[in-house]
Every structure is written in structure tokens, then in C-alpha cells.
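Each residue takes its place number in the sequence, starting with 1.
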Amino acid sequence: MPYKKWNIYLTKKYVVSGMQAIKYEDIIWIYIVAVTKYGANIGKNLIIKTKDKKEYTIASVKPNNEIISNILDSIKSRNTNIKVGYNDENVHFFENYRE
């Protein structure tokens, strides 16, 4: 499924964002983070973390845009083992993850 406006393509095996191709099976954690400037919410980023401990920001949108949740849900549906959301449990899981 293409999200052309954001340069994101979800193929059968990969998330493709710009020049990055990330296998769904390599993704272990995904979450949305608010972007603020001088205390004002100016947007949201979709963050992917992988088994090799790399971090990718694959989407940046305005604060009211819900497409980012749709992208997250689509990725999650392709790998049900992905941890979703930013919380202490997922931070601990990622910090202690070993292949």
C-alpha cells in the first residue's frame, strides 16, 4: 500500500521509506512520538526500531493527521510480534533485546 505523499510504501515484506527498506520481520518496536517546539505540539513522528538496534523515523506529519496511525496499524498487521507504543515495558524490552 503506498502512502505517496509521505514517500512510504508497504510491500509484502518491506517498509520502504525514502531510500530505506526495512523488513517487517526485523522490526521489534514501533511508536508515535509528539514533536514539540517551544512547548507547542507541531507534529508527530513514526519511529521504527529494529533487531539490530537501529532507529528509523519513517513518517512526520502535522499533529492532527491520523494517517500515521493507519501506517502503524498496517505495519503491525504484517508482524504481530512488534511491540507498539512508547512505555517503560517496551523501552526495557528494546534495551535488553538479544537476537
Side-chain angles (χ1 to χ4, degrees):
M1 169 179 272
Y3 294 93
K4 290 182 183 181
K5 184 176 179 179
W6 297 273
N7 200 23
I8 297 169
Y9 298 86
L10 304 179
T11 70
K12 287 184 178 183
K13 294 185 178 185
Y14 293 90
V15 175
V16 180
S17 175
M19 298 299 292
Q20 304 168 99
I22 308 160
K23 285 184 178 179
Y24 296 114
E25 65 187 42
D26 291 341
I27 300 170
I28 59 172
W29 185 20
I30 188 168
Y31 58 92
I32 298 169
V33 64
V35 179
T36 59
K37 186 172 184 180
Y38 305 115
N41 187 359
I42 61 168
K44 297 186 277 191
N45 289 343
L46 181 60
I47 308 296
I48 287 178
K49 300 225 180 185
T50 56
K51 292 177 180 178
D52 60 1
K53 303 286 186 152
K54 291 185 180 177
E55 176 178 306
Y56 302 89
T57 300
I58 65 157
S60 297
V61 299
K62 296 187 187 254
N64 298 352
N65 193 327
E66 292 305 314
I67 194 70
I68 204 163
S69 295
N70 295 341
I71 296 168
L72 183 149
D73 291 341
S74 294
I75 293 169
K76 174 69 175 159
S77 73
R78 289 167 169 86
N79 177 351
T80 57
N81 295 319
I82 295 173
K83 301 288 186 186
V84 177
Y86 193 95
N87 57 50
D88 290 341
E89 179 182 335
N90 291 344
V91 169
H92 181 74
F93 170 81
F94 183 75
E95 287 174 350
N96 294 296
Y97 181 81
R98 305 276 187 270
E99 282 192 73

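Note on Ile42 and Tyr31: separate hydrophobic clusters, where clusters join Ile, Leu, Val, Met, Phe, Trp and Tyr whose side-chain heavy atoms are under 4.5 Å apart, directly or indirectly. Put simply, Ile71 and Val33 are part of two different groups of oily side chains (I, L, V, M, F, W, Y) that touch within less than 4.5 Å, one to the next. Hydrophobic clustering, with ILVMFWY side chains joined whenever heavy atoms are under 4.5 angstrom apart, keeps Tyr97 apart from Ile22. By the criterion of side-chain heavy atoms lying less than 4.5 angstrom apart, applied directly or through intervening Ile, Leu, Val, Met, Phe, Trp or Tyr residues, Val84 is grouped together with Leu10 in one hydrophobic cluster.
Taking OG1 from Thr57 and CG from Leu46, the interatomic distance works out to 8.5 Å, rounded to the nearest 0.5 Å. Note that CG of Asn70 and CG of Asp73 are 6.5 Å apart. Values are rounded to the nearest 0.5 Å. Here the straight-line distance linking atom CD1 of Ile32 with atom CD of Glu66 works out to 7.5 Å at 0.5 Å rounding. Asn7 CG to Gln20 CD: the interatomic distance, rounded to the nearest 0.5 Å, is 10.0 Å. Here the CG-CD1 distance, from Asn90 to Ile30, works out to 11.5 Å after rounding to the nearest 0.5 Å. Ile28 contributes atom CD1, which lies 11.5 Å from atom CD1 of Ile48 (distance to the nearest 0.5 angstrom).
Scanning both residues, Asn79 and Ile27, for their nearest heavy atoms gives ND2-O, 3.4 Å. Shortest non-hydrogen contact noted between Ala59 and Ile68 is O-CD1, 4.0 Å. Between Ile47 and Glu55 the shortest heavy-atom distance is CG2-CG, 3.5 Å.
Within the 3.5 Å criterion, the main-chain N or O of Val35 finds no donor-acceptor partner in the side chain of Lys44. No donor-acceptor distance shorter than 3.5 angstrom exists from the side chain of Lys51 to the backbone of Arg98, with no hydrogens or angles considered. Lys76 places a side-chain N or O within donor-acceptor distance of the main-chain N or O of Thr80, the cut-off being under 3.5 Å. Listed for the Asn45 side chain is no donor-acceptor partner under 3.5 Å among the backbone atoms of Ala34. Under a 3.5 Å cut-off, the side chain of Tyr24 and the backbone N or O of Tyr14 do form a donor-acceptor pair.
Side-chain polar atoms of Asp26 and Thr50 form no donor-acceptor pair below 3.5 angstrom. Checked by atom type, the side-chain pair His92/Asp88 shows no donor-acceptor distance below 3.5 Å.
Annotation for Lys13: atom NZ does not count as buried by contact number, only 12 or fewer foreign heavy atoms lying within 6.0 Å.
The aromatic ring centroids of Trp29 and Tyr86 lie less than 6.0 Å from each other.
No cation-pi contact links Lys83 to Phe94, judged by a cut-off of 6.0 Å to the six-membered ring centre and 45° from its axis.
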